[in-house]
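Below is one structure, written out as structure tokens; the observations come after it.
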Amino acid sequence: PLDCELKGLDGGHPYLKSKGLSSETISHFGLGFCSRGALKDRIAIPLRDSSGQLIGYAGEAIDESLVPSSAPRYSFPERREREGKVLEFRRSLFLYNGSRIRTPIDELVVVEDFASVWRLFESGFRQVVGVMSHECSPEQIELIASAVKPLGRVWILTNQTGEQLAHSMLSILSTRHFVRWVRLTGRASVVELSSEELKACF
């Protein structure tokens, strides 16, 4: 766990509002524009472990002209050493928003990225996690399987570019749970759909 939280994050930044996020959603996920430090000119995204403790921050670039060309759109915590131990954040061992699921649930929606989690939350879907990658690791599949009741359902929601994610999950997860792949048609992405359109997908 981190010893302290970032201070002075701007949760009212226009970039967050442009994504159609309400103040409730921004506050729920602890999002905010960072104007200094390692996440300067990025949206700071708190990352919490299964117990809800803050373990680091991801950062989303809001203007690629403000960050080096070699920097990715999303940054993740770097390796660090503390008290003689090397600490490293591994996306493959983590589900974004998974800390909210404390006991097995009836239905879980799985998406690729942070923004899709926020958009679904904004539309009333509370049980949703993001793998933060184009594929789901065996460890993440195990986390997903354990988060859902034996007779529960898993929904994989992607656009047409999400085939790799869906295929990395279906063959293994479908042997343990009911799994449905909701594939958005055309070039639409989760964040481009209205609440009504998203609800119609399920």
Side-chain angles (χ1 to χ4, degrees), residues 15-22 24-26 28-29 31 43 45 47 50 58-62 64 72-76 90-101 104-202:
Y15 180 78
L16 291 171
K17 299 297 184 180
S18 72
K19 286 183 171 290
L21 302 179
S22 65
E24 176 193 359
T25 298
I26 294 170
H28 180 82
F29 290 102
L31 309 175
I43 297 297
I45 306 168
L47 304 173
S50 58
E60 179 185 4
I62 65 172
E64 295 184 1
R73 177 183 178 188
Y74 290 108
S75 63
F76 290 91
R90 297 183 181 177
R91 281 182 283 174
S92 62
L93 305 179
F94 181 86
L95 292 174
Y96 179 62
N97 202 43
S99 61
R100 309 281 182 181
I101 304 172
I105 57 179
D106 292 316
E107 296 191 72
L108 179 66
V109 182
V110 181
V111 294
E112 288 187 66
D113 57 353
F114 296 111
S116 295
V117 173
W118 306 332
R119 185 73 193 93
L120 282 163
F121 182 89
E122 186 73 28
S123 299
F125 294 88
R126 297 298 190 257
Q127 311 296 358
V128 54
V129 295
V131 299
M132 303 168 293
S133 175
H134 295 307
E135 62 182 348
C136 192
S137 71
E139 293 84 1
Q140 288 175 316
I141 289 176
E142 186 59 37
L143 290 172
I144 291 168
S146 62
V148 180
K149 294 178 181 178
L151 297 180
R153 299 186 174 195
V154 178
W155 302 85
I156 307 169
L157 180 59
T158 75
N159 60 12
Q160 288 184 320
T161 64
E163 290 190 12
Q164 187 174 347
L165 171 62
H167 290 308
S168 69
M169 297 177 61
L170 286 168
S171 60
I172 301 175
L173 198 56
S174 60
T175 64
R176 303 175 61 176
H177 292 290
F178 171 93
V179 183
R180 178 68 58 84
W181 178 16
V182 181
R183 185 183 184 188
L184 302 178
T185 59
R187 296 186 176 182
S189 66
V190 174
V191 297
E192 294 172 331
L193 300 183
S194 67
S195 297
E196 291 71 24
E197 289 171 324
L198 285 171
K199 291 173 183 177
C201 292
F202 300 93

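Quantities reported herein were computed from a predicted structural model and do not represent experimental measurements. Hydrogens, waters and symmetry mates are skipped; everything else that's a heavy atom, side chains included, is used.
Checked against side chain to side chain contact (heavy atoms under 4.5 Å, CB included), S123 has the following partners two or more places apart in sequence or in another chain: R119, F125, S195, L198. The side chain to side chain contact (heavy atoms under 4.5 Å, CB included) check on E139 picks up L93, S137, with sequence neighbours excluded. Residues passing the side chain to side chain contact (heavy atoms under 4.5 Å, CB included) test with Y15 are H13, S18, K19, I43, E60, I62, R73, sequence neighbours excluded. A search for side chain to side chain contact (heavy atoms under 4.5 Å, CB included) contacts involving S174 returns V179, not counting sequence neighbours.
Looking only at side-chain heavy atoms (C-beta outward), L184 and C201 come within less than 4.5 Å of each other. Put simply, the side chain of L120 reaches to within 4.5 Å of the side chain of L157, judged on heavy atoms. The shortest distance between side-chain heavy atoms of T161 and H134 does not fall below 4.5 Å. Residues L47 and F114 form a side-chain contact, since some pair of their non-hydrogen atoms from C-beta on lies under 4.5 Å apart. Counting only heavy atoms from C-beta outward, the side chains of Y74 and I45 approach each other to under 4.5 Å.
When all heavy atoms of I144 and L108 are compared, the pair lying nearest together is CG2-CD2, 3.9 Å. Residue R91 comes nearest to Q140 through the heavy atom pair O-NE2, 3.0 Å, listed as atom of the first residue, atom of the second, then distance.
Aromatic rings from F29 and F121 are positioned such that their centres are separated by under 6.0 Å.
For residues 140-149, every residue pair satisfying the salt bridge (Lys or Arg N to Asp or Glu O under 4.0 Å) rule, not counting sequence neighbours, is listed here: D106-K149, E142-R176. Sorted by first then second residue, the ring-ring contact (aromatic ring centres under 6.0 Å, His included) pairs that include residues 139-169, not counting sequence neighbours, are W155-F202, H167-W181.
Partner of C136 under the side chain to side chain contact (heavy atoms under 4.5 Å, CB included) criterion, chosen from L95, V131, L143, L173: V131.
Without hydrogens or angle criteria, Q127 side chain to I101 main chain gives no donor-acceptor distance under 3.5 Å.
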